[in-house]
Amino acid sequence: MNTVDLHLHSTYSDGTYTPAELIHMAEMKGMEAIGITDHDTINHIKEVHKLGAKAKLRDVLAGVEVSAEFSSGTMHIVGYFVDPDNTDLCDMLNRFTAGRSERNPQIIEKLNALGVSITYDEVLKEANGASVGRPHIANVMVQKGAVRSMKEAFDKYLAKGAPAYVNRTRASSEKIIAVIKKAGGVSFLAHPRQLGVGKKKELERIVARLADEGLDGIEAYSSSHTREDVHRYEGLAQKYQLLLSGGSDFHGLGKEHIVLGFVGAGVTLSYDIIKKMKERIKVQ
Ligand code: AMP
Ligand code: ZN
Ligand code: FE
Ligand code: FE
């Protein structure tokens, strides 16, 4: 069984379990190390550090998964070991939060115009203080019977290119990588498959650019990656001297097909991944 999973979401973003619940579940599974990497927020970090120190796990990493500007698919960059009090990091994420607060009511307006009657208040209530995202909007749509599932909410309304989609504030990969470094952390390209780049040459061009911008590693192992994907990402990591990492992208009940600890068929990660991150920070 794989016992290292460095990409989990908690109730601080769009996961359904609290950091304490995630840690408890990992303990019950006999895991060695986990990383809690909420979207565009660092509000969970101090709590995760505190809980992690008492946990029956070798290590509990607190990270942040930052949304980068990217034209086609999705580019997410995960930062581990960041200082949650770093001004540059706080400023960048505050700008993201402001962007979300502007975007979310616009999505609701579009939904209303399309005949889906939900309110922003209902969405805020659903998010319950977390960083508000489209999954919260989708949940309200399901609860009110506008759609049958989260998938239908995204496919019909909320996905990029669908009629209620509204873009939100992000930052360039260059800026995100620089800010993570300034905050004392290491940066990883999350689940590269979600870039939606099928062509080998194009993918390599992107990875080369990110490496040039100071990226530390690639999340080569993810629940969504095929063996062929993994092979390709390992090759790129070696070529561009990038570290390797892996995680399931577990969100709890919101995405029930993703299992805590599963990072790809037959893949088991070693604690060395974390050791190498720590070494990289020391030499910086
Ligand atoms: P937001 O942060 O509001 O832009 O929403 C991003 C969240 O929505 C992430 O957790 C994604 O995994 C989730 N998401 C994006 N596209 C889809 C989709 N087509 N189906 C289900 N969830 C999605
Ligand atoms: Zn998410
Ligand atoms: Fe992601
Ligand atoms: Fe994620």
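Atoms within each ligand, like the ligands themselves, are counted from 1 in listed order.
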Report whether any nitrogen, oxygen or sulfur of Glu65 sits less than 2.8 Å from the Fe ion (ligand 3) (N, O or S, backbone or side chain). yes
Can you give the angle His7 NE2 - the Fe ion (ligand 4) - Asp249 OD1, rounded to 10°? 80°
The Fe ion (ligand 4) and His251: any N/O/S contact shorter than 2.8 Å? no
Distance under 4.0 Å to a non-hydrogen atom of Asp14: what atoms of ligand 1 satisfy this? 7 (C), 9 (C), 10 (O)
Does the Lys NZ or Arg CZ of Arg58 fall within the cation-pi geometry relative to Tyr271 - under 6.0 Å from the ring centre and within 45° of the axis? yes
Would the distance check show the side chain of Arg193 and the main-chain N or O of His225 forming a donor-acceptor pair, the cut-off being under 3.5 Å? no
For Arg168 and ligand 1, does the shortest N/O to N/O distance drop below 3.5 Å? yes
Check for a donor-acceptor pair, side chain of Glu219 on one end and backbone N or O of Leu189 on the other, with a separation under 3.5 Å. no
Just wondering, is there an N, O or S atom on His191 that's nearer than 2.8 Å to the Fe ion (ligand 4)? no
Among Phe96, Phe154, Tyr165, closest by any non-hydrogen atom to atom 14 (N) of ligand 1: Phe154
At a non-hydrogen distance cut-off of under 4.0 Å, which region of His191 contacts ligand 1 (side chain, backbone, both, or neither)? neither
Walk me through it: do Ile206 and Lys201 pass the test side chain to side chain contact (heavy atoms under 4.5 Å, CB included)? CA-CA 9 Å; Ile206 294 165; Lys201 276 243 168 74; over 6 Å; no
At under 4.0 Å between heavy atoms, what of His9 touches ligand 1? The answer is neither
Got a donor-acceptor contact below 3.5 angstrom from the Gln194 side chain to the Thr74 backbone? no
Ignoring hydrogens and angles, tell me if any N or O in the side chain of Glu47 forms a donor-acceptor pair with the backbone of His44 under 3.5 Å. no
Stepwise side chain to side chain contact (heavy atoms under 4.5 Å, CB included) test for Val60 and Ile23: CA-CA 8 Å; Val60 177; Ile23 290 171; 4.1 Å; yes
Just to be sure I read this right, does ligand 1 sit under 4.0 Å from the backbone of Met150, its side chain, both, or neither, counting only heavy atoms? neither
Heavy-atom distances under 4.0 Å decide this one: backbone, side chain, both or neither, for His39 against ligand 1? side chain
Please answer whether the main-chain N or O of Gly15 pairs with a side-chain N or O of Ser10 as donor and acceptor at a distance below 3.5 Å. no
Need the atom name: nearest N/O/S atom of His9 to the Fe ion (ligand 4). NE2
For ligand 1, which atoms sit closer than 4.0 Å to a heavy atom of Gly133? 3 (O)
A student checking ligand 1 against Pro135 at a 4.0 Å heavy-atom cut-off should list atoms 5 (O), 7 (C), 8 (O)
Any heavy atom of Arg100 sitting closer than 4.0 Å to ligand 1? yes
Within the 4.0 Å heavy-atom shell around His251, which atoms of ligand 1 are there? 10 (O)
Do the side chain of Tyr80 and the main chain of Leu6 share a donor and acceptor less than 3.5 angstrom apart? yes
Do Leu22 and Val259 share a hydrophobic cluster, counting only Ile, Leu, Val, Met, Phe, Trp and Tyr and linking them when any side-chain heavy atoms are less than 4.5 Å apart? no
From the N, O or S atoms in His76, identify the one nearest to the Fe ion (ligand 3). ND1
Distance under 4.0 Å to a non-hydrogen atom of Lys255: what atoms of ligand 1 satisfy this? 10 (O), 11 (C), 12 (O)
Looking at Lys151, Arg134, His136, the heavy atom closest to atom 4 (O) of ligand 1 belongs to Arg134
For the 3.5 Å polar cut-off, considering only N or O atoms, please tell me whether Asp155 and ligand 1 meet it. no
Give the ring-plane orientation class for His9 versus His251, where under 30° counts as parallel, over 60° as perpendicular and anything between as tilted. parallel
Taking a hydrophobic cluster as the set of Ile, Leu, Val, Met, Phe, Trp and Tyr residues connected by side-chain heavy atoms closer than 4.5 Å, whether directly or through intermediates, do Ile77 and Val197 fall within one such cluster? yes
